[in-house]
Each structure stands twice: as C-alpha cells, then as structure tokens.
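Reviewing the structure listed below.
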Amino acid sequence: RETWRFIAYLDRIPPHILEDDAFRQVQGAAQEVECEIEAEDFAAAVAEGIRALEEDEFTHVRGIERI
C-alpha cells in the first residue's frame, strides 16, 4: 500500500471532514481539500476519499486533481 495525495474540489466543505487527519482544507481556497490516503492504487484512494467526503447527502465532489 502507498500513500496517495490529491486535491478534491467540493461544492462545500463538510464540517466532519476537517477532524480527519487524512483531509485538510487548502489555504486560500474555500472549497478545496487536500487528501492523503493510503491505498493499493490511486483509483482506490480516490474512491475512498469520495466516499468519506460525500458521507452526507449535501456535499458533492466536483473534481479531483492528483498532486
């Protein structure tokens, strides 16, 4: 397993996500979260990140950018 990093662009930041060490809000960007997730590959990391970010029905991931 490797650690994968990417930026998730959201329609809003869910409050619960900033308590998780795998996610942190990007400075100066209201709707961007940097994700650092351990997984088998990049696709699995993104899928896990999206599941966590969209835990409530009011937050939607608009895009992903690998860093």
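In this chain, numbering begins with 1 at the start of the sequence shown.
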query: Does E65 have any side-chain hydrogen bond (donor to acceptor under 3.5 Å, both in side chains) partners at least two apart in sequence or in another chain, and if so, which?
result: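 Here the qualifying residues are Y9.
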
query: Partners of E32 by side-chain hydrogen bond (donor to acceptor under 3.5 Å, both in side chains), sequence neighbours excluded?
result: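 So E32 forms no side-chain hydrogen bond (donor to acceptor under 3.5 Å, both in side chains) with any residue.
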
Count I, L, V, M, F, W, Y as connected when their side-chain heavy atoms are under 4.5 Å apart, and connections chain through other members. Are [X] and [Y] then in the same cluster?
| X | Y | answer |
| --- | --- | --- |
| L53 | F58 | no |
| F23 | V26 | no |
| I50 | F42 | yes |

- prompt: Does E54 reach the main-chain N or O of V61 with its side chain, forming a donor-acceptor pair under 3.5 Å?
  reply: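 Yes; judged by distance alone, with no hydrogens or angles, the pair exists.
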
query: Under 3.5 Å, is there a donor-acceptor pair between the side chain of W4 and the main chain of A39?
result: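 Pair found, side chain donor or acceptor close to backbone of A39.
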
- prompt: R12 and P15: which non-hydrogen atoms are nearest, and at how many Å?
  reply: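 The answer is NH1-CD, 4.0 Å.
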
- prompt: Considering all heavy atoms of both residues, which atom of P14 and which atom of L10 are nearest to each other, and what is their separation?
  reply: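 P14 and L10 have their closest heavy atoms at CD-CD1, 4.1 Å.
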
Residue pairs fulfilling side chain to side chain donor-acceptor pair (under 3.5 Å) with at least one residue in residues 14-25, sequence neighbours excluded: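 Sorted pair list: R24-E34.
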
CA sep, side-chain torsions, deciding dist, call: I13, Q31, side-chain contact (heavy atoms from CB on, under 4.5 Å): CA-CA 6 Å; I13 304 289; Q31 310 301 349; 4.0 Å; yes

- prompt: Does a side-chain heavy-atom distance below 4.5 Å link I37 with F6?
  reply: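 Yes, side chains in contact.
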
T59 side chain near D11 side chain, heavy-atom distance below 4.5 Å: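 In short, these two side chains touch, coming nearer than 4.5 Å.
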
message: Could you walk me through whether E38 and E2 satisfy the side-chain contact (heavy atoms from CB on, under 4.5 Å) test, starting with their C-alpha distance in whole Å, then the side-chain angles of each, then the deciding distance to 0.1 Å, before giving a yes or no?
response: CA-CA 5 Å; E38 189 176 301; E2 292 184 55; over 6 Å; no

